[in-house]
Amino acid sequence: MLLLKKSSIWIAFLIALVTLPQLFDSILAVSILNQMTIAIVFALSYNMLLGQGGMLSFGHAVYFGLGGFLSVHALLLIEYETMVFSILWIPLIGGLFGLLAGLFIGSFSTHKAGTVFAMISLGIGELIAASSLIFSSFFGGEAGISGDRTFGPLFFGIDFAQNLEIYYLAAFWVFLATLFMYLFTQTPAGRMANAVRDNPERAEFIGYSARRVRFISFCAAGMFAGIAGGLFALNYEFITEENLNAATSGRVLLMAYIGGLGYFIGPIIGAVVLTLMNSLLSNYSELWMLYLGIMFLLTVMFLPRGFAGFIMMHQVAWVRGNMKMLIKPYTLTGVPAALFALCTIALIEMSHTEEEVFHFLGLELNTASSATWIITTVIAAAAFYAVRKSLHQLSEAWDTANAIPKEERA
Amino acid sequence: MSILSLKDVQKNFGETEIIRGLSLDVAAGEKHAIIGPNGAGKSTLFHLISGRYKVSSGSIKFKQEEIQNKPPYEIARLGLARSFQVTNIFPRMNVFENIRCALFWSKGYRYSFWHLLGRQSELNDEAMHVLEQIGLKDKALYPSGELGYAQQRALELGIAIASGAELIMLDEPVAGMSHSEAQSSVELIRKITEGKTLIMVEHDMNIVFDVADRISVLVYGEIIATDKPENIRANLKVQEAYLGEVITSA
Ligand SMILES: Nc1ncnc2c1ncn2[C@@H]1O[C@H](COP(=O)(O)OP(=O)(O)OP(=O)(O)O)[C@@H](O)[C@H]1O
Ligand SMILES: [Mg+2]
């Protein structure tokens with residue numbers, strides 16, 4: 001029964017991977033889907049460190065980037081016919097070099113978790129990013145290096161020139177990588193990673209070297225990040241220093257955190273949400289990074305277990321069939337909260353824009369008139385007040401929906 | 001044949017000498033209790049044997065092998081398992097996982113990332129069996145960090161006994177339990193350590209006299225007596241140092 005439920009989730013994931021580009025088949029949509037699948041593997045690999053192993057890394061992009069660089073070099077080797085193999089295998093090259101980098105760096109960085117590990121990861125990240133600008137014959141300096149994915153032998157007549165073709169190639173690897181990362185959590189090494197995260201000292205008294213356990217997770221995380229880097233190289237056919245620097249490391253931390261570190265599916269949710277925000281919001285607003293920052297803050301403050309944690313919070317109410325009790329209170333709080341958010345965004349955007357008229361949700365807001373400002377502020381304040389007022393009924397409804405019925409109490 | 005043998009073990013923290021030239025032999029199969037006043041160094045002694053602390057000088061042999069410079073995990077692999085006075089579990093993992101992790105090494109899984117745990121039915125059954133013994137079977141899927149105190153103590157004990165190590169060291173395993181909980185834990189300890197060696201720190205004299213074959217009295221970092229329970233009871237020096245307080249205050 002449980003097995004059935006689990007395999008049905010995997011089948012659903014597979015179906016989603018296969019059908020999404022059919023449902024959303026514009027050039028933009030396929031490109032977003034490509035980014036999303038890469039981000040999923042990258043964020044899941046990050047969670048092997050932080051969520052499952054308790055290692056806070058500020059330099060995980062190193063393995064993504066190195067995997068990506070080696071993959072572009074592999075494309076170049078194919079292009080110049082130094083070697084002949086299908087580009088299908090490129091992600092494995094990325095993974096191999098991510099693994100090698102993990103083996104080397106992990107050999108000294110996994111000695112301790114906590115601050116020591118975090119600082120080493122930061123240092124290594126800076127070091128590799130700086131070196132990548134210095135050794136420009138390999139890294140290509142600021143411009144990075146680029147290749148061409150269409151030179152390899154055809155794969156059943158496909159030359160992978162189209163984004164959609166590369167999407168399906170990526171989807172294949174994404175599915176495999178996700179499956180293997182999940183299976184890793186179901187092995188002794190995966191479980192001991194949790195144990196060492198929880199209590200490294202006790203782990204040593206049941207026979208495990210905390211360092212070795214961390215090292216194994218670290219290498220695996222490096223390998224899967226490298227696979228993601230390889231997928232990136234195939235998708236964009238170029239890679240630069242930006243893909244292994246601190247900004248990229250920070251972004252993957254955000255994805256995993258916002259999605260929820262405590263759940264396997266958390267980083268997937270985070271990767272999807274952040275990729276969507278990145279590609280859609282950035283079309284509408286220059287300030288999307290600001291919104292991302294605000295969202296991160298709100299998540300840390302109010303949803304410490306991330307989106308996945310928020311969804312899982314409803315398990316009890318769901319099992320008890322009490323979800324409908326929550327619809328009304330959620331609406332009563334959610335509508336003014338959304339209104340407040342929109343008004344705040346309008347105010348921020350109006351302060352930022354240099355145009356006289358600001359177009360927002362079909363409205364034409366005159367930024368020069370003080371009336372626009374006053375009205376927006378008043379609506380925002382009223383919405384905020386309504387949210388505050390409604391919180392009480394929400395928390396009451398929450399308690400009722402989660403209450404243990406009398407007959408079940410021991 | 002002694003399974004554990006300490007010679008002139010000394011431990012300083014900075015200037016302070018906590019364990020002062022201590023020698024002790026524990027025979028294979030023996031149930032050995034260590035008693036002594038608060039701050040005598042009983043837990044420190046446990047930490048020295050199990051590798052949490054390094055000795056300042058002296059030697060510790062477990063099964064004829066010098067272990068005083070080994071890390072805890074190597075000592076554990078030789079067949080020494082222990083519990084802690086202050087509960088020391090894996091709080092975010094559920095109760096079942098806590099016990100199963102304690103079984104991995106002795107079942108030969110090592111650092112395997114190719115065994116799927118769902119398929120290891122023998123391992124899983126054994127973990128469930130331990131849960132049954134410590135009375136936590138119905139809490140198997142409960143996050144261990146959210147258990148009540150007594151149940152966490154039971155889990156602490158479970159992690160120590162799960163692997164079936166040859167030498168089991170328990171640091172105040174039943175402290176803070178109710179009388180009946182303590183009683184059933186003692187029964188369990190007795191059953192689980194049958195044919196094995198047990199070293200136990202315990203303040204409750206009834207339990208000590210009930211379980212132990214021999215008792216060592218540790219006072220200010222020195223063992224002032226090691227003997228059979230009836231002789232310890234008779235030993236005046238001991239009464240003065242330790243039992244006196246307990247008996248008069250009880
Ligand atoms: N890490 C340490 N650093 C400095 N002093 C320590 C350390 N650990 C223990 N001590 C000191 O060593 C002495 C013995 O402590 P220990 O915990 O071994 O006593 P105990 O016999 O287990 O006492 P109790 O019955 O209260 O558990 C105490 O005075 C304690 O303060
Ligand atoms: Mg103690």
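Chain naming here is simple, since letters A, B, ... match the order of the sequence lines and numbering starts at 1 in each.
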For L66(A) and A101(A), which heavy atoms make the closest approach, and how far apart are they?
CD1-CB, 3.8 Å
Ignoring hydrogens, what is the shortest heavy-atom contact between L22(B) and L24(B)? Give both atom names and the distance.
CD2-CB, 4.1 Å
Within the 6.0 Å centroid threshold, strictly below: F46(B) and F84(B)
no
Sort R100(B) into side chain, backbone, both or neither according to what part of it lies under 4.5 angstrom from a heavy atom of chain A.
side chain
Region of I89(B) in contact with chain A, defined by heavy-atom distances below 4.5 Å:
backbone
Count the heavy-atom pairs under 4.5 Å between each of F90(B), W114(B), Y109(B) and chain A, then report the option with the highest count.
F90(B)
Between E66(B) and S59(B), do the side chains contain a donor N or O and an acceptor N or O under 3.5 Å apart?
no
Answer yes if the ring centres of Y63(A) and F218(A) are under 6.0 angstrom apart, and no otherwise.
yes
Classify the side-chain pair E156(B)/N88(B) by whether it contains a donor and acceptor separated by less than 3.5 Å.
no
Of the listed residues (P91(B), A162(B), A102(B), G145(B)), which shares the most heavy-atom pairs with chain A below a 4.5 Å separation?
P91(B)
Under 4.5 Å to a heavy atom of chain B? For L183(A) that would be both
H60(A) ring center within less than 6.0 Å of F42(A) ring center
yes
Where does S50(B) contact chain A at under 4.5 Å (heavy atoms): side chain, backbone, both or neither?
both
Most contact-rich option vs chain B, by heavy-atom pairs under 4.5 angstrom, among R197(A), Q186(A), R202(A), is R202(A)
Sort A203(A) into side chain, backbone, both or neither according to what part of it lies under 4.5 angstrom from a heavy atom of chain B.
both
Which region of F184(A), side chain (C-beta onward) or backbone (N, CA, C, O), has a non-hydrogen atom less than 4.5 Å from a non-hydrogen atom of chain B, or is it both or neither?
side chain
Ranked by heavy-atom pairs below 4.5 Å to chain A, first place among A76(B), S163(B), P72(B) goes to P72(B)
Ring centre gap for Y182(A) and W10(A) strictly below 6.0 Å
yes
Which residue out of R110(B), E74(B), Q120(B) racks up the most heavy-atom pairs below 4.5 Å with chain A?
R110(B)
